[in-house]
Amino acid sequence: MRPGQAALSRSDLRSRYDRPLDGPFYDRTTTVVARELLGAWLVAPVGRAFAAARIVETEAYVATDPASHAYRGRTTRNASMFGAPGTLYVYRIHQVHCANAVTRPGEAVLLRAAEPLTEGMGNASGPGRLARAFDLTRSDDGSSLTEGRVRMVPGDDRPARVTRSPRIGISKATERPLRFSWTGHPNVSRPRPWARGASTA
DNA sequence: AGCAAGATTAGCT
DNA sequence: GCTAATCTTGCTC
């Protein structure tokens with residue numbers, strides 16, 4: 001589904017919503033999941049319709065990663081990062097929320113940007129904007145991406161190229177190339193990494 | 001109980 | 001580019 005194609009029907013979206021990516025999809029190496037999520041769709045019911053957006057940018061947060069919220073073990077805030085694969089971890093930072101897909105215990109993939117596929121959805125380029133577009137708050141923390149309100153479903157296409165670059169907005173482990181972007185996609189958040197200094201593989 | 005820090009963003013120079 | 005907004009969590013006293 002690219003801009004310019006026919007609009008997604010409600011029945012099509014419902015069908016996809018009923019066939020989300022399953023637990024085993026998330027029970028893999030976190031960097032693999034981060035890359036594989038590019039092109040997947042986030043879908044949620046909105047009134048009688050559905051909202052959907054295509055994931056175009058992610059970041060991996062792994063074990064022994066000083067930048068990870070789980071680095072110092074389990075706390076009240078990060079408890080859902082230790083939940084089952086496919087658990088949604090939502091936290092608040094400053095005035096906004098950010099959403100992650102939990103992979104293996106203590107590891108997760110931050111959903112950084114998505115391309116809106118349905119009418120009326122707000123800008124989703126940036127983790128705070130993405131979470132806001134789906135009205136994700138702390139009340140969604142710990143829910144499941146396979147059976148909760150907001151679900152991740154297989155997409156229709158994959159990026160031709162993926163750009164791997166350092167993560168954004170962190171102060172520790174800033175050199176690790178754990179940010180994954182759909183190369184050239186206009187909805188990837190700034191700074192756009194493919195211009196320079198990143199490997200496109 | 002108090003305080004520093006933060007996986008962001010909007011808005012202004 | 002740079003700063004402020006704004007508030008929750010986790011750690012220390």
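Proteins come first, then strands; the chains are lettered A, B, ... in the order of their sequence lines, and each starts at number 1.
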Taking only N and O in the side chain of A/Arg132, is any of them less than 4.0 Å away from OP1 or OP2 of B/dT8? no

Counting side-chain heavy atoms from CB outward, which of C/dG10, B/dG6, B/dT8 is closest to A/Pro127? B/dT8

Show your working on side-chain hydrogen bond (donor to acceptor under 3.5 Å, both in side chains) between A/Ser80 and A/Asp141 and close with a plain yes or no. CA-CA 7 Å; A/Ser80 52; A/Asp141 179 58; 2.6 Å; yes

Separation of A/His97 atom NE2 from C/dC7 atom C1', in whole Å? 10 Å

Does the aromatic ring of A/Tyr91 sit over the six-membered base ring of B/dA7, closer than 5.5 Å centre to centre and tilted less than 30°? no

Between A/Glu107 and A/Ser68: side-chain donor-acceptor atoms closer than 3.5 Å: no

Stem finding on DNA chain C, please: runs of three or more consecutive Watson-Crick or G-U wobble pairs, both distances under 3.5 Å, sorted by first number. B:1-6 with C:7-12, B:8-12 with C:1-5

Residue-phosphate contact under 4.0 Å: A/Ser171 side-chain N/O, B/dA5 OP1/OP2: no

From CD1 of A/Ile93 over to C1' of C/dG10, roughly how many Å is that when rounded to an integer? 13 Å

The answer to which of A/Arg129 and A/Ala67 contacts DNA chain B further toward the 5' end, by nearest nucleotide, is A/Ala67

Rounded to whole Å, how long is the line connecting atom OH of A/Tyr71 with atom P of C/dG10? 17 Å

Does C/dA5 have OP1 or OP2 sitting under 4.0 Å from an N or O in the side chain of A/Arg92? no

C/dT9 C1' sits how many Å from A/Arg77 CZ, rounded? 6 Å

Taking CG from A/Leu110 and C1' from B/dG6, how many angstroms apart are they, rounded to a whole number? 13 Å

Can you say whether the rings of A/Tyr17 and A/Phe50 are parallel (under 30°), tilted (30 to 60°) or perpendicular (over 60°)? tilted

To the nearest angstrom, the NE2-P distance between A/His69 and B/dT8 comes to 9 Å

State plainly whether the residues A/Asp135 and A/Arg149 are in salt-bridge range, i.e. N to O under 4.0 Å. no

Return all side-chain donor-acceptor pairs below 3.5 angstrom for residues 123-132 of chain A, not counting sequence neighbours, or 'none' if the list is empty.
{"unit_1": "A/Asn123", "atom_1": "OD1", "unit_2": "A/Ser125", "atom_2": "N", "d": "2.9"}
{"unit_1": "A/Asn123", "atom_1": "OD1", "unit_2": "A/Ser125", "atom_2": "OG", "d": "3.4"}
{"unit_1": "A/Ser125", "atom_1": "OG", "unit_2": "A/Asn187", "atom_2": "O", "d": "2.7"}
{"unit_1": "A/Arg129", "atom_1": "NH1", "unit_2": "A/Ser125", "atom_2": "O", "d": "2.5"}

Using a distance-only criterion (donor-acceptor N/O pair, under 3.5 Å, no hydrogens), is the base of B/dA7 paired with the side chain of A/Glu59? no

Comparing nearest nucleotides in DNA chain C, the 5'-proximal residue of the pair A/Arg138, A/Gln95 is A/Gln95

Can you tell me how far P of B/dT8 sits from CG of A/Leu130, to the nearest Å? 13 Å

Can you confirm if the NZ or CZ of A/Arg28 lies within 45° of the ring axis of A/Tyr26 and under 6.0 Å from the centre of its six-membered ring? no

Closest to the A/Tyr89 side chain, choosing from C/dT6, C/dT9, B/dA7: B/dA7

How close or far is atom C1' of B/dA10 from atom CZ of A/Arg190, stated in whole angstroms? 13 Å

With respect to the phosphate group of C/dC7, does any side-chain polar atom (N or O) of A/His94 fall under 4.0 Å of OP1 or OP2? no

For A/Arg167, report the nucleic acid contact type (base, sugar-phosphate, nothing); a contact means any heavy atom under 4.0 Å. nothing

Is A/Arg164 close enough and on-axis enough to A/Phe180, meaning under 6.0 Å and within 45°, for cation-pi? no

Winner on side-chain proximity to A/Thr75, out of B/dA7, C/dG10, B/dG6, is C/dG10

Short N-O contact, A/Asp65 and A/Arg167, less than 4.0 angstrom: yes

